[in-house]
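Side chains are part of it too, since the values below use all heavy atoms of this structure and drop only hydrogens, waters and symmetry mates. Numbers for residues simply follow the sequence, beginning at 1.
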Amino acid sequence: MISKKIQNAINNQINKEIYSAYLYLAISADATSKGLKGAGTWFQVQYQEETGHAMKFYKYLLEQGAEVELEAIAKPKIGFKSLLEMFEATIKHERFITKSINGLMDLAVAEKDYATQILLQWYVSEQVEEEANDNEIIGMLKMAGNSTGSLLMIDKQLGKRGTKS
Ligand code: FEO
């Protein structure tokens with residue numbers, strides 16, 4: 001049993017996770033159409049992971065006998081000029097999601113909702129991992145600069161990303 005406040009906050013987070021999936025799907029198409037097939041794959045895997053994040057919350061609400069309320073999804077922005085711009089948009093978005101997860105945790109702590117706190121611990125760790133991955137890629141892209149050869153090598157590397165088991 002969870003409070004209406006927690007239920008609403010989780011429904012709101014489901015919308016943010018689905019928007020994240022939508023955003024990365026849009027970036028995946030943008031990258032692929034620009035000939036960056038590896039990045040296209042990387043963002044498609046990220047799209048799948050975000051869908052998983054939304055579904056984890058969705059299942060939790062149903063397990064708790066709470067109501068799932070799906071809202072409209074905003075249109076994601078595309079048209080990035082470079083791979084670096086794509087990943088800078090990604091880290092900016094992930095920092096926003098981290099803040100949102102932390103806000104949810106603050107609410108669960110204030111409400112003494114222990115079950116939701118346990119669920120959220122997974123998301124807190126996941127955000128650390130996501131931000132670290134993005135920062136690592138941004139670091140490589142900054143080092144590559146305008147070198148086409150290095151950028152193609154990074155793109156090839158990005159294409160090796162597989163889904164988490
Ligand atoms: Fe679901 Fe990338 O945070």
Tyr60: ring-ring contact (aromatic ring centres under 6.0 Å, His included) partners, not counting sequence neighbours: none

Other residues, nucleotides and ligands only: do more than 12 of their heavy atoms fall within 6.0 Å of [atom1] on [X]?
X     : atom1 : result
Lys77 : NZ    : yes
Tyr19 : OH    : yes
Phe80 : CZ    : yes

Short side-chain donor-acceptor distance under 3.5 Å, Gln44 and Gln48: no

Side chains of residues 135-153: which donor-acceptor partners sit under 3.5 Å, not counting sequence neighbours?
| unit_1 | atom_1 | unit_2 | atom_2 | d |
| --- | --- | --- | --- | --- |
| Asn135 | ND2 | Glu131 | O | 3.2 |
| Ser147 | OG | Ser150 | N | 3.1 |
| Ser147 | OG | Ser150 | OG | 2.9 |

Partners meeting side chain to side chain donor-acceptor pair (under 3.5 Å) with Lys34 (sequence neighbours left out): Asp30

Non-neighbouring partners of Ser82 that pass side chain to side chain donor-acceptor pair (under 3.5 Å), sequence neighbours left out: none

Side chain to side chain contact (heavy atoms under 4.5 Å, CB included) partners of Ala26, counting only residues at least two apart: Pro76, Ile78

Heavy-atom side-chain contact between Arg95 and Gln127 under 4.5 Å: no

Side chains of Trp122 and His53 in contact at under 4.5 Å (non-hydrogen atoms): yes

Please output the side-chain donor-acceptor pairs of residues 4-14 that fall under 3.5 Å, not counting sequence neighbours, one pair per line with the distance.
| unit_1 | atom_1 | unit_2 | atom_2 | d |
| --- | --- | --- | --- | --- |
| Gln7 | OE1 | Glu67 | N | 3.2 |
| Asn8 | ND2 | Lys4 | O | 3.4 |
| Asn11 | OD1 | Glu69 | N | 2.7 |
| Asn11 | ND2 | Gln7 | O | 3.2 |
| Asn11 | ND2 | Glu67 | O | 2.9 |
| Asn12 | OD1 | Lys16 | NZ | 3.4 |
| Gln13 | OE1 | Ser100 | OG | 2.5 |
| Gln13 | NE2 | Glu17 | OE2 | 3.0 |

Residue pairs passing the salt bridge (Lys or Arg N to Asp or Glu O under 4.0 Å) test where at least one lies in residues 78-92, sequence neighbours excluded: none

Ring pair (Phe, Tyr, Trp, His ring centres under 6.0 Å) contacts in which one or both residues fall within residues 123-152, not counting sequence neighbours: Phe57-Tyr123

Salt bridge (Lys or Arg N to Asp or Glu O under 4.0 Å) between Glu126 and Lys56, worked out: CA-CA 13 Å; Glu126 180 70 6; Lys56 203 173 171 77; over 6 Å; no

Residues which pass salt bridge (charged side-chain N to carboxylate O under 4.0 Å, His left out) with Asp113, listed by chain and number, not counting sequence neighbours: none

